[in-house]
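Notes for the one structure printed next.
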Amino acid sequence: MGGTWLLWFVPLLPLFGAAACGLIHFATLAARKHDANAKGPSGLAPVVACAAILGSLLLSIAAFKQLAGLPADARVIESAVWPWIHVGSLQLDISLVVDPLSAVMLMVVTGVGFLIHVYSAGYMKGDPGYAKFFAYLNLFVFSMLMLVLSSSLIGLFVGWEGVGLCSYLLIGFWYEKGWPAEAGQKAFVFNRVGDASFLIGSFILIKLFGTLDLSDINAAVAGVSADPEKAWWLTVGALCLFGGCTGKSAQIPLFTWLPDAMAGPTPVSALIHAATMVTAGVYLVVRMNPVFAFDPTVLTVIGTIGALTALVGGTSAIFQRDIKKVLAYSTVSQLGYMFLGLGSGAFAAAIFHLVTHAFFKGLLFLGAGSVIHGMHDEQDMHKMGGLRRHMPKTFVTFLAGAAALSGLPLLSGFFSKDEILAHTFAHGGFYFVLWGIGIVTAAVTAYYTWRMVALTFFGKERFDHHHVHPHESPALMWVPLAVLAVLSVFGGALGLPPVFHVVHVLEHWLEPVTAPGKALLAAHGTHELSHAMEWALLGLGAAIALGFAHFGFRTYVKGVERDESVQRNRPALADFLVGAWKIDAQYYAKIVYPSKLVAFVTAVIVDQFAIDGLVNGAGGLATATGNRLKLLVDGSLKSYALWIGAGAVLLALLWMFV
Amino acid sequence: MNVPSEHLLFLAAGLFAIGVLGFLIRRNVIIVLMCIELMLNAANLTFLAASRQHSTPQVANLDGAVFSIFVILVAACEAAVGLALIIALFRLKQTVEADSLSEMKG
Amino acid sequence: MAEILFYVLSAAALLFGLGVVLAKSPMMSVLSLLGSFFCLAVIYLLAGFQFLAAAQILVYAGAILVLFLFVIMLLNLGELGAIAERSNSFLDSTAARIGAVIAVGMGVVGLAAASRAAFQPVRVEPGKGLDGLEAIATELFGRYSLAFEAASILLLATMVAVIALAKRQRRGLKNGGRA
Amino acid sequence: MDQLTLITFLPLVGALLVLLTPASQEKVLRAIALVTTLVVAVLGVRLYLQFDGASAALQCAVDKPWFVLPGSAIAVRYKLGVDGLSILMVVLTAVLMPTVILSTWGHIHKRVKEFMVWMLVMQTGMLGVFLATDLVLFYFFWEVSLIPLYFMVGIWGGERRLYATIKFFLYTLAGSLVMLVAVIALIYHFRTADIETLCAQAGSLELTKQLWLFAGFALAFSIKVPLLPFHTWLADAHTEAPTSGSVVLAGVLLKMGTYGLLRFGVDMFPAASLELAPLFMALGAVGIVYGAFLAMAQTDVKRLVACSSVSHLGYVVLGMFALTRAGLSGSILQMVNHGISTGLLFLLIGMIYERRHTRALDQFGGIASTMPIFAFFLVFTVLSSAALPGLNGFVGEYLILLGAFQAKPLWAIIGVLGVIFGAVYLLVATRRVLFGPVTHEENKHLEDLNVREIGLMLPMVVLAVWIGFQPTPFLDQSRGSLDRVMKKIELARGAQSAALEVQPLTTEEVVR
C-alpha cells in the first residue's frame, strides 16, 4: 500500500468524520434555534461516522493483507514522517508504522469500533446530541488509531491523551444530569495522574536514549545492561511508563474511575471501557517489551498488580445490582488478567486475551445496552428478570458472551484465560501465588457472570408491567450483537494451546514484535510445561468454570433472595465488596478532601493572610507611623521651643563627640 | 587686656545658657523676646572673641566685628517684628501668655 | 587692672542676665537687661572694639530696649502682679523643668567646647583700638558691600511688616473690620 | 522611517488621532483604534516573516543619538532591535491587540475615548519594552507601559479597583526602582547603555558583583512575572480589571517579567543565573503547585484564572532556569501559549460577565445547554491551557518539563504534579460553569455568542491549533539567539565546574 501517505488516512478518516459530525451538530443547533424540535441534518451524522470507520477498517484490512504478504522478519510498513518538535539536538516526529502487533490492534479497534458505531446509530436515536455523540466517537477512534499506529512515544502520547479527552467528553455526554459530568472529570483526572507518570517515563527515555522512536529504543535496550546507573534509570523509567498504564487501563492504584465511567451511554462503555481504550496499557507494554523485560523485578511488579486488580475487580462484581457496574468491575478484573499475563512474560497470551476480551466484553456491554434500551433505561438487575421471553435475540447473544467470559470450555475466553494461567504457573516461584489468585478470580468470574445472566433473563419478572414493556431491539442493534457472538465463540481458534498440536496463530504472528523481549527473558531462565501438566491445568480450568457457573446460576435463577440474605446478616461484607474494597472511599478521604483543605489553607491563610498581609502591612505601617508623628505638632509654642532646644543640644553633643 | 579668649567664650556660653533658660521657662512672651536678645548678645561676644583672637597688631581681622554689626541689625529687626506681633496678639487675646496660642494644632 | 575689671563686669553681666529671667515684673527684666548691655559694652571696649561698644550702647540699649519699654508701657504690663505669673516659681510645669535641663545642658556644652578649643595667646596689645572707624568702613563697604545692601532691604521689609501688623484696624473698613 | 520605530510609535499616532476626535463619536473612536492596531498587527506579521531565526544578531536595528548622561561621557542612544528572544513576544503583542480592542465593544461603554487612548499608549509601551536595546530606553518604556494599566484598572475596574490598582502600581514600581539602581550601576561601570555590549561584557564582572546586579534586575522582573512570594497583586489586579485590561495584563505584561529575566538575567549574567538557577527552579516549580492549589479554592472565576496564570508562569520560570536548550525554547514558546490560552479564557469570562454581571462560580451551572458555542470555546481553551497534546500548551510544557528534568529531576517531577493539579482545577471550574442541571433562572435564557465575539476569538483559536500541530517554525525563530545563550551558559558552566574542582559536573547530563 505504498505506505507513504495512504497509511495516514487510516486515522485521518475518522478525524474528518468527527469534524463533519461536529459541523452537522452545530447546523442542527442552528436549525433548532428556529423551531425547537427541528431534526436538522443530524440524521446524516451516523451515516458519515460509520462510513469513516468503514473506510479505515477497509484500509486496515488492506494493510493487514499487505503485511501478511511480506516475509516474516520484514513485516513493517512505515508512513511519511510529520516533523513535530525540533529543538536543538532533539527531534520529536510523528510517523505511523504498521507491524504485526499494531495490525492486530488495528483490526480490533476498527472492527469492534465499526460494529459499535452501527449499534449506537440505533441506540442513540432520538437523543438531542445525536450528531455530537458521533463526532466524539469518531474523534475517539482517531485518537485510538494514533495511539496504536504511532512509531514514537510522543505520537503515542498524543493518542494517549486524546483518548483520555474523548472518554471525558463521552462519559460526561449527558451532562445535564450532573453526576455524569463528575464521573467524566474523575476519569480525566485519574488519566492525568497516569499521564504525569507517563511523561516522567518519556523524560527518562530521552535522557537515556536521546530519542523517543520506539524501534530505536527497543533496539538500544540491550546496550544498557553494561552501565549500572543507566540500568537503574531504565528500571525507574519502565515503572513510570507502567504507572501511565495503570491510569489508562484501570489497574490497582488508579482503577476506581472505570465503574463511575458507566455514567456514559452504553456504546461508550462498550467501545472505550471494554474494547479499546483500557487496552492501551497492555498494548504499550507489549509494544515496548524489551524496556519492560530488561529488569525481571518490573515484570514481577506488573504481574502482582495485575493479579491483585483481577482479584479486587472480580470480588467487587459479585454483589453489584447495576448490570453495567458488574460488567465494569469484570473489565477491571479481566485487565488484571492481561497484566498478569504480561507479568509472566506471556506477551502473545496477553494480546490474545485482549482480543477475545474485546469480543465478549463488547458483546456483553452491547447486550446490556439493548436490555437497558428495552427496559427504558432501567439498569438495576433487581428490577429485571425473565427477559429471555421478551428479548430472544439479545438473550442468545448475551448467553454466548457470558459463556466466553466465564471461561466455559472450548470458548474464546477459556483458551485465552487458561493460557495466561498456564504461563503464570510455568513461571514458578512467587508466581505460584499469583496463579492461585488467578484461579480464585476465575471461579469468582464464572459465579458473578452467571448470577448476572440468571437475574436478568431468568426467574420471575420483577418489573411492574404497566410502566415497562420490554421489547427486542431493532435490527440495527442485534446484528452487531450476532457478529460479536460468533467472534466470541470461535475466537479461541486464534490461539489454541500447544497441547492441541496446532500452531498458536497469534503467537506466531506476533513473533517478530515479542522476540527481543523474549530473548531478554530467556536470559533469566526459560520455563516449559510438560504436556501432562498442561492437560491437568486445562481440566482444572474447565472444572472450575463449569462448577462455579452452575453454582452462580442455581442460586440466583429463583430470584434475589440470596442477595437480600447476605445484605441482612452480613451487611459489612456486602457493603465492603460493593464499594470495591472501599478504595474509592479511601481516595476521597485521604486525597480529595485533604487537597481541598490544603487548597483552602493556601488560598486563605497562607496567601490572603501571610503574604498579602505583609504587603498590606507595609502600607498599614506607613499610615500608623504617620498618625503617631502627627501628635507632635500640638500647636503650643512651648513644646516647639523645647524640641528646638533639645535638637540643638543633641547636635552640639554629636558635633563634640563624633 | 590680655584675657585669654576662653574666658570670653565662657562668658558668652553663660549668657547664652541664661538666655535659653529664660526662653524656655518664662510664659510671658516679652520676657522670651528679651532672652532672645540676650542670646544674640552672647553670639556677638563669641564673634568678637574670635575676631580678637585672629587679629595681629599689624593686621586687624575685622570679620567678626562686621558680623556682630549685622547680628545687632538682625536683632533689631527681630525685636521690632516680635513686639508688633505682641501688640497684635494683645489686641486679640488681651494676654501675652505663650500657652494661650495653640490654634495651629496639628 | 583691666583683667580684674573684665572679670567683675562679666560677673555683673551674668547677674543682670539672671535678673532678666527671674524678675517678677517685666519692668525689672528690662532694667536688668539694660544693665547687662552696659557691662557687655564695656567688655567690648576692653577687648579693643570701640565702634562696637558704641554700637552696642546706641542700638541695643538706646533703640531696642526703648522699644521694649514702649510696648510694656503701651500694654500697661508694668505693674507688679498685673499679669503676675500664676504660680510663684517658674519651674512648676514639667516642660519648664525640661527647659531648665536643656538650658543647663547648653551651657555645659558651650563651656566644654570653649575649653577644648586650643587658642594661642592673644597677640593684641591692650589699649590700641582694633576696629578703628576707617578700618571698619573699608571692610563694610568693601568686601561686605552686598551684605550691607541686603541688610538695608531687611530693615525696610521689617518696617513695612511692623506697620502692617500693629496698625489698628478701624472697624467697618472695607474688609469687614476684622479685629 | 524604519520598521521598528514605525511599529512602536504607530499606536501613539493612533492615540493622538483618537484624542482629536470628539468623545461623542464612539463609533469613530473605536474604528480608529481598531484600524491602528490592525495596521500594527500587519506590520508585526511582516516583521515575523522577514525575521531570520538562524542568526543570533539584532535585526533591523535602529541607532540614533538621544542624549549624553550629564557629568560623564556616556551616550544614551535611541536603539531598537529585535532578536530571537523578543521576536515572538513582539508579534504576539501586535497580533493580540486588535482582538483586545474588538472585545471592548462588549464591556466598555463609558469614557470610551480615554480607554482607547490608554490602550494605544500601552501598546507603544509594551512594544518598546520588547524592542529596546538600550538600557535607559528599556527602562523608559518599562515605566511607560505601567501607567496606562493604572488608569484602566482604576477607572473602569470593579468594586475594589482603587485598592487593587494602587497595590499593583506601587508593587511594580518598588521593583523597578530597585532595578533602576542596578541599571545605573551597570551603566556607570561599563560606561555604556547599549544592551548588546553589556551582554557581552557583563560576564567579565566577578561573581559577587554579578550576583548583586542580577538580584537587582531579578527582583523587579520576579514581581512582574509574578514569581511566588510576589504574586498577591495579580489576583486583585485581574479581578478588578476590565476584561480587555485583564487580557492585555495576562497576555503581554506578565511576559515583560519573564522576557526581562531572559534578557537581563540568563543572557546578561550567565554565571550569576547559573548560581541562582536552583533557587529560581524551586520557586518556579513550587509556584506551579501553589498556584494550582490557590486556584482550586477560588469562588470567583476571574480570580481562579488569575491564580492559574501564577501556575503557568511558574512553568516558564522553571523552564528558563533549567538552562538547557529544551527548557529555554520551551519557556519562550510557553510565553506565547499562555498569552493565547489565558487571553481566550479572560475573553470568555468577560462575555459571560457581560450577560450575567457576576463572576461567582456558584451563580453558573448548566450553561452548556443554553450556550453550546460558548461551551465549545470554553472547553477548547481549558484544554489548551491544561496542555492537551495537539494544542499549543502541550508543546511548551513538554519542552519545559523535559528541560527541567535534564537539569534537576526533582523540580521537574514537582512541575509534572502541576500538570495533574492544573487539570483538576480547570476541569472543576468548567464543570461548575458548564455542566450539571440549570439551577439559576437567569441561566435558562442566556443568548449565545454573537458573530463579533466568535470573530474576535477565531484568530487566537487558529493560532493555538497551529502552534499545537506545527510548533517548529515558531521554535526556529529563536534558534540562533538560543544557541548564542547556550554557548554563554556552557562557558559559565565550564568556569563554575573549574572553580569547584571537587565535583565536576558530568556534561552528559546536558543534552546538546
Side-chain angles (χ1 to χ4, degrees), chain B residues 1-22 24-28 30-31 33-35 37-38 41 45 48 51-53 55-57 60 62 65-66 68-70 72-77 79-81 83-88 90-92 95-96, chain C residues 2-3 6 10 13-14 17-18 20-21 26 29 33 36 40 44 46-49 52 55 59-60 63-64 67-68 71-72 75 77 83 85 90 96 99-100 102-104 106-107 110-111 114-115 119 122-126 130-131 135-136 139-140 144 147 151 154-155 158 161-162 165-166 179:
Chain B
M1 69 168 185
N2 53 13
V3 169
S5 298
E6 292 84 3
H7 295 194
L8 273 172
L9 290 181
F10 290 156
L11 174 61
L15 274 177
F16 189 79
I18 293 165
V20 166
L21 182 71
L24 295 180
I25 289 174
R26 291 303 298 267
R27 271 201 293 282
N28 179 337
I30 290 178
I31 307 296
L33 271 180
M34 282 188 216
C35 296
E37 294 307 324
L38 209 58
N41 266 327
L45 190 60
L48 294 185
S51 179
R52 175 167 168 271
Q53 167 67 29
S55 303
T56 60
L62 287 179
V66 167
S68 65
I69 290 171
F70 286 122
I72 293 169
L73 179 123
V74 163
C77 301
V81 170
L83 291 174
L85 280 173
I86 287 172
I87 292 169
F90 188 80
R91 192 173 299 121
L92 195 67
T95 163
V96 279
Chain C
E3 288 70 18
F6 167 76
S10 53
L14 286 173
L18 276 176
V20 167
V21 172
S29 306
L33 190 61
S36 74
L40 279 175
Y44 292 164
L46 285 178
F49 295 93
L52 271 177
V59 173
Y60 258 116
I64 297 175
L67 211 59
F68 274 97
V71 167
I72 292 172
L75 311 178
L77 307 171
I83 41 103
E85 308 292 305
F90 311 112
I102 289 175
V104 166
M106 201 76 79
L111 295 177
S115 58
F119 287 106
V122 173
R123 292 183 292 282
V124 175
E125 288 83 14
L130 263 178
D131 61 352
I136 281 269
E139 283 288 326
L140 208 55
Y144 291 96
L154 177 64
L155 279 173
T158 316
V162 163
L165 271 176

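Heavy-atom basis, side chains included; hydrogens, waters and symmetry copies ignored. Letters A, B, ... mirror the listed sequences (proteins, then strands); counts begin at 1.
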| query | Can you name the one residue among B/Val81, B/Leu73, B/Val74 that meets side chain to side chain contact (heavy atoms under 4.5 Å, CB included) with C/Thr158? | reply |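 Among B/Val81, B/Leu73, B/Val74, the one that satisfies the side chain to side chain contact (heavy atoms under 4.5 Å, CB included) with C/Thr158 is B/Val81.
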Checking heavy atoms, do the side chain of [X], its backbone, both or neither come under 4.5 Å from chain B?
X        : result
C/Leu155 : both
C/Leu67  : both
C/Ser29  : both
C/Ala151 : both

| query | Between C/Phe6 and B/Leu8, is any pair of side-chain heavy atoms under 4.5 Å apart? | reply |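 A side-chain contact under 4.5 Å exists here.
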| query | Taking side chain as C-beta onward, heavy atoms only, is C/Val71 less than 4.5 Å from B/Phe90? | reply |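 No. Closest side-chain heavy atoms not under 4.5 Å.
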| Between B/Arg52 and C/Gly48, is there a donor-acceptor pair closer than 3.5 Å when you use the side chain of the first and the backbone of the second? |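 Not at all, since once roles are kept as given, no pair shorter than 3.5 Å links the two residues.
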| query | With respect to chain C, which residue among B/Leu85, B/Val20, B/Ile18 yields the maximal number of heavy-atom pairs within a distance under 4.5 Å? | reply |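 When all of B/Leu85, B/Val20, B/Ile18 are compared, B/Ile18 has the most.
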| Segment of B/Ile31 engaging chain C (4.5 angstrom heavy-atom cut-off) |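 Only the side chain of B/Ile31 comes within 4.5 Å of chain C.
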| Which portion of B/Phe10 sits near chain C, non-hydrogen atoms under 4.5 angstrom |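 Contact with chain C: backbone and side chain both.
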| task | Could you check C/Leu52 against B/Ile69 for side chain to side chain contact (heavy atoms under 4.5 Å, CB included), going step by step and ending with a plain yes or no? | result | CA-CA 7 Å; C/Leu52 271 177; B/Ile69 290 171; 3.8 Å; yes
